[in-house]
Amino acid sequence: MVRSIVIPKKKVFSIEVPESYVGKQVEVIAFTVEEATEEMASKRKNGLKQFQAVSIATKGFKFNREEANER
C-alpha cells in the first residue's frame, strides 16, 4: 500500500505507482485532510464508540475444522 499526503499545484495531478502495481487494479481516493478529520469528529459525536479490546471466553471450546471449512 502506498499512502501520501500532497498539495497539488494544478487541477491535473499525476501519480507514480510501484512497478508491482502495473497491470493490476488500483483504487485511488482523493479527499482533503480536513474532510477526513471532520468526518471522524462527526462519528464520535453521533454516539459511535471505539473499542479498546475484545474478550471472548473460550473455555471448553473445541475447534471443528470440518465445520469451519463447510461451504
Side-chain angles (χ1 to χ4, degrees):
M1 181 173 100
V2 177
R3 181 178 181 184
S4 298
I5 296 178
V6 297
I7 300 174
K9 304 224 185 300
K10 295 187 266 176
K11 192 173 180 178
V12 176
F13 181 75
S14 298
I15 61 170
E16 187 173 325
V17 297
E19 186 67 33
S20 61
Y21 285 21
V22 175
K24 296 181 180 178
Q25 285 186 327
V26 177
E27 180 177 3
V28 178
I29 301 173
F31 55 90
T32 65
V33 174
E34 293 82 18
E35 286 176 317
T37 305
E38 289 170 7
E39 183 178 334
M40 291 303 294
S42 173
K43 285 183 180 180
R44 279 189 222 118
K45 288 178 185 175
N46 290 334
L48 297 177
K49 297 179 183 178
Q50 294 180 344
F51 293 100
Q52 299 301 319
V54 175
S55 179
I56 300 172
T58 59
K59 186 175 183 178
F61 176 77
K62 182 167 172 122
F63 180 75
N64 183 333
R65 186 174 307 277
E66 298 296 324
E67 182 182 350
N69 289 317
E70 279 183 2
R71 291 188 185 235

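- Placement of Phe13 and Val17 within a single hydrophobic cluster is found when ILVMFWY residues are connected by side-chain heavy-atom separations under 4.5 Å, directly or transitively.
- Cluster annotation: Ile15 and Val26 are assigned to the same hydrophobic cluster (Ile/Leu/Val/Met/Phe/Trp/Tyr, side-chain heavy-atom contacts under 4.5 Å, transitive).
- By the criterion of side-chain heavy atoms lying less than 4.5 angstrom apart, applied directly or through intervening Ile, Leu, Val, Met, Phe, Trp or Tyr residues, Val6 is grouped together with Val2 in one hydrophobic cluster.
- Met1 and Ile29 fall into different hydrophobic clusters, where Ile, Leu, Val, Met, Phe, Trp and Tyr side chains are chained together by heavy-atom contacts under 4.5 Å.
- The CG atom of Asn64 sits 9.5 Å away from atom CG of Asn69, with the distance rounded to the nearest 0.5 Å.
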